[in-house]
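By convention in this document, chain letters (A, B, ...) are assigned in the order of the sequence lines, proteins followed by strands, and residues within each chain are numbered from 1. What you see below is based on every heavy atom in this structure, not just the backbone, and it leaves out hydrogens, waters and symmetry mates.
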Amino acid sequence: MGRWDGPALAVARSLVGSVLTTQSTVGRTSVTITEVEAYGGSDDPASHAFRGRTPRNAPMFGPGGTIYVYRSYGLHWCLNIVTGEADNPQAVLIRAGWPGEGRALMEQRRGRVDHLADGPGKLTAALGIDDSIDGMHIEALETVSITGPGSQVDCEWKRRVGLTLAADRPWRCVLIATG
DNA sequence: CGGTGGATTCTCT
DNA sequence: GAGAATCCACCGA
């Protein structure tokens, strides 16, 4: 029983406050995850897996811990972690994080010094994540890891954003800043 | 086989 | 707060 075996909502909750780290030849970068969003399968009209398996969403049908990266609006990459059993598509979208290690590298990748990872596309850009890891298993990758959370964090469930379908589901989990 | 629109971001007003 | 930038999977024909 690994941390990716449970339903998307439970994994989503456990990811908030965790640290996502990427390692490459140019350096190491990390963020503390502050916002995630859960997606289901055939029961969730907003999910890419809603209409069944396709070449693009195939990673969502893999076992928990599989990485699903897709292109958004032709421009950005969005990072998902698949959860649960294979062939029961569920995933968690990593929406935002606080910059941690490797801030200078993240600033360089983003081309600015603010708003480094406060959105799904910005987060992948800051961490240097693209579709080269699509379909890989996170535990098998040296270059991507998720640890923690090291301490208890408070979260709030809100409705999903950026969707036209089933956006009302309170499946977006946001870290409550304790000041 | 072409039209369509999105789990977004940036810039300018 | 609105509009543009920009790709490709999916759907209907």
What's the verdict on side-chain contact (heavy atoms from CB on, under 4.5 Å) for A/E107 and A/L116, showing C-alpha distance, side-chain angles and the deciding distance? CA-CA 7 Å; A/E107 290 176 356; A/L116 293 178; 3.9 Å; yes
Taking a pair to mean Watson-Crick or G-U wobble geometry with both distances below 3.5 Å, C/dT6 pairs with none
Round to a whole Å and report the spacing from CZ of A/R71 to C1' of C/dA5. 12 Å
Polar atom pairs (N or O), protein with nucleotides 11-13 of chain C, under 3.5 Å:
| residue | atom | partner | partner atom | Å |
| --- | --- | --- | --- | --- |
| C/dC11 | OP1 | A/R51 | NE | 3.4 |

Rounded to the nearest Å, what distance is computed from the CH2 atom of residue A/W77 to the P atom of nucleotide C/dC7? 11 Å
Complementary nucleotide for B/dA7 - Watson-Crick or wobble, under 3.5 Å: none
Testing A/I81, A/V82, A/I133 for side-chain contact (heavy atoms from CB on, under 4.5 Å) with A/I138, which one passes? A/I81
Which sits closer to the 5' end of DNA chain B, A/S72 or A/R112, going by the nucleotide each is nearest to? A/S72
Report the C-alpha distance between A/L20 and A/I146 in whole Å, list the side-chain angles of each, state the deciding distance to 0.1 Å, and finish with yes or no for side-chain contact (heavy atoms from CB on, under 4.5 Å). CA-CA 5 Å; A/L20 168 60; A/I146 295 181; 3.6 Å; yes
Cation-pi check, A/R71 onto A/W77 ring (under 6.0 Å, within 45° of axis): yes
Positional range of nucleotides in DNA chain B within the contact set of chain A, heavy-atom, under 4.0 Å: B/dG6 to B/dT11
Touch class at under 4.0 angstrom, heavy-atom based, for A/H115 against every strand present: nothing
A/D130 CG to C/dC7 C1': how many Å, rounded? 15 Å
Give, for atom CE of A/M60 and atom OG1 of A/T54, the distance between the pair rounded to the nearest 0.5 Å. 10.0 Å
One thing to verify: whether A/R160 and A/E37 come together as a salt bridge, which I'm taking to mean a side-chain N less than 4.0 angstrom from a carboxylate O. no
